[in-house]
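Everything numeric here is computed off the predicted structure, so don't read it as measured data. The chains referred to below are lettered A, B, ... by the order of the sequence lines, with proteins before strands, and numbering in each begins at 1.
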2 protein chains.
Amino acid sequence: MSISKPTIKDVAELAGCGIATVSRVLNNSGPSSLASREKVLAAAEELDFKFNEFGRSLKSRRSKTIGVLVPTLCNPVFADAVQGVQQAAAVHGYDVILTSANYDQETEKTAMETLLAKQVDGVILTVSSPTNSIALRMLKEKHVPHCLIFNQPKDADVSAVGVDNVEAARIVGQKLFELGHRDAAFVAVQFAKSDRSADRYRGFAEIYAKHGLREPELLEVDYAPGDLEIALVNLFETSPSTTALFASNDMLALACIRALRSLGKSVPEDISVVGFDGIAVADLVHPKLATIATPCHAMGSKAAQLLVKALQNNEKPPTGVISLPFEFRCGESLTLAAKKKVAGRAVTRPAAAPATQMQPNK
Amino acid sequence: MSISKPTIKDVAELAGCGIATVSRVLNNSGPSSLASREKVLAAAEELDFKFNEFGRSLKSRRSKTIGVLVPTLCNPVFADAVQGVQQAAAVHGYDVILTSANYDQETEKTAMETLLAKQVDGVILTVSSPTNSIALRMLKEKHVPHCLIFNQPKDADVSAVGVDNVEAARIVGQKLFELGHRDAAFVAVQFAKSDRSADRYRGFAEIYAKHGLREPELLEVDYAPGDLEIALVNLFETSPSTTALFASNDMLALACIRALRSLGKSVPEDISVVGFDGIAVADLVHPKLATIATPCHAMGSKAAQLLVKALQNNEKPPTGVISLPFEFRCGESLTLAAKKKVAGRAVTRPAAAPATQMQPNK
DNA sequence: CCCCGTCGTGGAAACGTTTCCACTTTCACC
DNA sequence: GGTGAAAGTGGAAACGTTTCCACGACGGGG
């Protein structure tokens, strides 16, 4: 319990050799005799020697740390992904510095400045809009290796891991179509601030267009309490034939179900609701939420693996978007479109496909 | 866009002065004339100079980084707290290195080793069991300032921020008692691995003992699918008069509601269910979950503030447990105990107290 | 007019590491 | 028994910063 920690010098002294030898032995980074090897290891053990990472990083110019920037940890989707990054990084001896930007461009910028000041070796991030993100531009300018998650950037010169939001939304659209939903609406929060929402709406609308149907209504709502109810009332006034809602994420989908109930409509008897993300709680509620289950955790760990491998080879992660498999999970909140409103009861209820398991991360 | 970043030396050269002067000016850490002050600032601006944190930390022996260790980010409770830590830390110029231990003692240890190797200035953590946590002991031995969150350690020589789990559970117990629930059970996952669960059971049982009632049944369940159903079936066989369940956290409470439904019992008509934590989704589901709303975010930021202040004064955070206010949120999942089972329908339904708002973090 | 604070300044040492380089030592081989 | 290569070694420089200290200039009071 010395007042200050032992340094490589102390080890050298105790082992009776030079510090260079100690460094070589402890790092396996050069020739060393069996004799000195043993002495050094014994000395290090006895002193409980640990490298000082500052000295190390200062000399080697790498921090063994990767920065993470996400909009928020309150959305379980990002929390899962961060956990994935952290675990995958730990396996390779990398640490994670965490920042969050709360969907705010300015905060994104200052957070990135912090990360860069800490000399992170690379960054994994989700931004509001890849095309005009300041944070992303900073990374490019400073030539810091990075990998996007969740975002699916349009320009192909950046590395990214995500799911194909457009395709996923197409599948939702197709399912709804097959179940007879001819009039559907898309509900989103902060539509303007999320490229994912936009992609999802696009894929969804595409299917409806393909079948010659009217473009789904777009409901952009606020977090303000009551806002959702008002939007839904408006919707049912302008489009009373609406039989399905597609929400841009699961939390919002749950909020929709609650709002519908307060308007005297029940799910799925009167209206079907589909979410997006596949958060854990979606399977616990009643009715079970129909949703697109995305591999958030795997997204994080995959991105971390890509980044770490690139760092070890002293290069950039491979450019281009990697799309991970997702899965349509048919919950109880989705059913056949009610043909006609018969006394507020559902007409038929198809045998719901059993909720399939997510495939394990690999 | 030079190949390597400008150093303090480059700034000194451009400004025509020594590096000591540059350091003094940029850190406001010593006398300097107006003239040199201006020249240095101009030079730093022109070169877009940023301090190298490694050199800085190596010399000053502080990293301006705090380590965080939590069981998992998948539980929104911890995600919120981590977010709180991160935001509060950022305000004071501190960064956060994140690790998670997955409720595993061994992982806890290695995670702590990583944090210590990175020379974090302090640590904020939640451990499985404060009394025999290796990680916690390491912190004490190495004299690294730290602050627990969520945990409520029995020994008073450690700093901690949390809620009074025992008292909160007493309140739940009292509410249940007042609503006529004479036979209740406590449901927990990994009871042995969480001191919080134990505290909650203790407070709950205490109230029942006080009223001369039988000690609530303790159901310890697994995450394995189906396990909860089996446990509940057993419960209703041994204690058919059970009218209420108190779950050790909200996710589990939701799982209970679902399991009960699959057993043909409805909530709250047949059985009342109360959770713990107050996660956001608890308010969205039907029935709204009765729960203890805890200020997770505030817990994180409060701990961060304590720790940062202590670090700045070069001392340890104040020992003792700080208990933050919590709140009983009376959701729809809790109602009067059914007097007798009359045709599977509830007897009465009291006007549910409106779900009160959480007071904002302060 | 000299002395002595005060102020601003820059050289240099230190923080703990990696790594280059030059120096032994060893040993196989002719 | 010389020669050469190969293997092991430690001194020392460098990484970028903070900070101690010594030095010169400058001014006010005796």
Please determine which of A:Val321, A:Val158, A:Leu136, A:Asp195 meets the side-chain contact (heavy atoms from CB on, under 4.5 Å) test together with A:Asn151.
A:Asp195

Chain B footprint on DNA chain C, 5' to 3' - any atom under 4.0 Å from a heavy atom
C:dG8 to C:dG16

By salt bridge (charged side-chain N to carboxylate O under 4.0 Å, His left out) - contacts of A:Asp155 (at least two apart)
A:Lys140

Test applied, side-chain contact (heavy atoms from CB on, under 4.5 Å); reference residue, B:Leu148; option that passes from B:Val123, B:Thr126, B:Leu125, B:Leu139
B:Leu125

What closest approach, in Å, do A:Leu116 and A:Met138 show between heavy atoms, and which atom pair accounts for it?
CD1-CE, 3.8 Å

Looking for any heavy atom pair under 4.0 Å, which part of the strands does B:Phe54 touch: base, sugar-phosphate only, or nothing?
nothing

For a quick check under 3.5 Å, do B:Ser301 and B:Gln87 share a side-chain donor-acceptor pair by atom type?
no

Using heavy atoms and a sub-4.0 Å distance, could you list which residues of residues 31-50 of chain A are near DNA chain D? By number, please.
A:Pro31, A:Ser32, A:Ser33, A:Ser36

The answer to which of A:Arg24 and A:Thr7 contacts DNA chain C further toward the 5' end, by nearest nucleotide, is A:Thr7

Can you pull the side chain to side chain donor-acceptor pair (under 3.5 Å) pairs that have at least one residue in residues 37-47 of chain B, sequence neighbours excluded?
B:Asn28-B:Arg37, B:Ser32-B:Arg37

Taking NZ, NE, NH1 and NH2 as the nitrogens, is one of them in B:Lys142 or A:Asp48 under 4.0 Å from a carboxylate oxygen of the other?
yes

Residues touching DNA chain D, which here means a heavy atom under 4.0 Å, drawn from residues 55-63 of chain A
A:Leu58, A:Lys59, A:Arg61

Polar contact flag, side-chain donor to acceptor under 3.5 angstrom, A:Lys118-B:Thr65
yes

Would you mind reading off the distance between A:Leu26 atom CG and D:dG10 atom P, rounded to a whole angstrom?
14 Å

Given side-chain contact (heavy atoms from CB on, under 4.5 Å), test B:Leu26 with B:Val22 step by step and report yes or no.
CA-CA 6 Å; B:Leu26 261 28; B:Val22 176; 3.7 Å; yes

With sequence neighbours excluded, what pairs up with A:Thr72 under the side chain to side chain donor-acceptor pair (under 3.5 Å) test?
B:Gln83

